[in-house]
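Convention: sequence-line order gives letters A, B, ...; per-chain numbering from 1. Given the structure is predicted, the values throughout are model-derived calculations rather than measurements.
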Amino acid sequence: MLDLMQDEVLTAFSTYALIVILKMMFMAPLTIFYRFRKGSFATEEDVAYKSAEERKKLLRTHPDVERVRRCHLNDLENVVPFVLVGLFYVVSEPQLPAALLHFRIFAASRIFHTISYIGAFPQPCRGLSFLAGFAATVSMAYNVLSKVFTL
Amino acid sequence: MLDLMQDEVLTAFSTYALIVILKMMFMAPLTIFYRFRKGSFATEEDVAYKSAEERKKLLRTHPDVERVRRCHLNDLENVVPFVLVGLFYVVSEPQLPAALLHFRIFAASRIFHTISYIGAFPQPCRGLSFLAGFAATVSMAYNVLSKVFTL
Amino acid sequence: MLDLMQDEVLTAFSTYALIVILKMMFMAPLTIFYRFRKGSFATEEDVAYKSAEERKKLLRTHPDVERVRRCHLNDLENVVPFVLVGLFYVVSEPQLPAALLHFRIFAASRIFHTISYIGAFPQPCRGLSFLAGFAATVSMAYNVLSKVFTL
């Protein structure tokens with residue numbers, strides 16, 4: 001199966017896909033960090049060691065924690081489709097330069113999306129970075145479908 | 001790697017998987033559309049260009065926006081497992097007619113699920129369409145596991 | 001394509017991946033069960049057969065239902081990256097014992113995570129089980145990336 005790794009497009013895809021997956025996974029420790037820093041928890045047993053009064057104060061939502069959670073969910077909604085569509089795209093044997101262009105635009109757009117979201121950059125920073133990643137995934141899906149229908 | 005594309009089951013799977021993934025991705029622009037139409041935003045910088053008074057009014061949840069978001073999350077919870085299970089299913093070399101049956105039931109059920117959810121169709125429209133897609137995915141997983149355990 | 005099934009690492013991965021995907025999918029019926037048991041619904045048409053007064057009472061959130069939903073979302077955030085990273089990991093031809101160790105730690109950690117979450121076990125039960133699964137996925141990603149960069 002190691003032969004597959006010789007394939008340049010697959011190797012490039014593995015790298016970029018893993019980068020965006022790891023970036024998405026990083027949102028989990030970031031959420032935990034914000035939960036502790038802002039004192040905002042969702043689950044009772046997380047604050048069980050506190051006094052009854054403090055517990056009530058800690059079991060609330062905080063805008064900054066919700067912001068990180070929305071960013072995480074947005075990653076799930078975009079990174080997962082990218083990786084799934086990308087698998088079919090790699091199998092459809094695209095040209096390496098075209099493939100690299102798609103992977104790089106997507107990876108860059110998601111990294112910039114996270115920075116804009118967490119840093120609360122003024123719009124349209126977040127909007128445009130979302131759009132660029134979205135367009136890259138749709139373009140890959142279109143490429144696969146157009147190849148499938150002309151087989 | 002293009003040899004893989006000769007495989008009829010894989011080609012069919014690519015098509016149906018991409019259709020449901022694109023349908024799932026379409027929920028993102030639909031959410032944005034509803035956010036603007038209903039005037040319901042979650043993030044401060046999205047309403048920064050408004051006056052302080054209007055801003056307060058726009059930073060609230062709206063039932064129709066939350067409905068689209070729940071539909072999107074439900075897609076993530078069902079479409080992603082379908083595609084992942086489907087990859088193993090295709091590798092396990094199912095018969096083409098059985099595979100097509102699974103893929104078509106799933107794709108049809110998810111499209112009908114979205115229409116029932118967004119259109120607020122009376123139950124059990126949404127419930128049954130969720131169930132059909134769920135059953136198709138479980139059936140594919142069962143097929144793979146039963147083949148793995150009899151190797 | 002059935003040749004692929006001969007590969008022991010892929011067979012093991014299929015089994016463990018399907019187990020955790022099915023476990024994740026099981027959260028959907030569990031949510032429905034809790035929604036009925038606790039009388040907590042999110043969508044109007046789900047309570048349309050009730051009187052206007054009862055309807056209002058049923059359209060609210062309940063901590064136990066929200067707990068199951070958070071557990072489901074946590075699964076999406078962890079199980080999906082595991083399966084996606086695992087696909088690249090399998091292609092990178094790891095040693096079978098090392099691969100089995102990763103798959104088993106992940107599967108065990110996610111099952112224990114769900115039990116701790118739904119059963120509201122005192123911390124750090126949930127925290128540590130999350131961490132073990134997270135570490136297994138990161139370790140697989142690291143293995144793939146280190147192989148890609150030394151090709």
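Scanning residues 69-87 of chain C against chain A with a 4.5 Å heavy-atom cutoff picks out C:R70, C:L73, C:L76, C:E77, C:V80, C:P81, C:L84, C:V85, C:L87, ordered by number.
Within a 6.0 Å sphere centred on CD of A:Q123, other residues, nucleotides and ligands contribute more than 12 heavy atoms.
The most heavy-atom pairs under 4.5 Å with chain C, out of A:A42, A:A17, A:A48, A:A28, come from A:A42. Across C:G127, C:A120, C:P122, the residue that shares the most heavy-atom pairs under 4.5 angstrom with chain A is C:A120.
The side-chain hydrogen bond (donor to acceptor under 3.5 Å, both in side chains) search around A:Y34 returns none, not counting sequence neighbours. Looking at residues two or more places apart in sequence or on another chain, you find a side-chain hydrogen bond (donor to acceptor under 3.5 Å, both in side chains) between C:K38 and C:D64. Not counting sequence neighbours, the partners of A:N143 by the side-chain contact (heavy atoms from CB on, under 4.5 Å) test are A:Y89, A:H102, A:S139.
Taken to the nearest 0.5 Å, the OH atom of C:Y142 stands 13.5 Å off from the CG atom of A:L18. The distance from atom CZ of C:F88 to atom CG of A:L10, rounded to the nearest 0.5 Å, is 7.0 Å.
Using a 4.5 Å cut-off between heavy atoms, A:M27 makes no contact with chain C at all. With a 4.5 Å cut-off on non-hydrogen atoms, C:F121 touches chain A through its backbone but not through its side chain.
For the pair C:L145 and A:L22, the minimum side-chain heavy-atom distance is below 4.5 Å.
Across A:M25 and C:F134, no two heavy atoms sit closer than the pair O-CE1, 3.3 Å.
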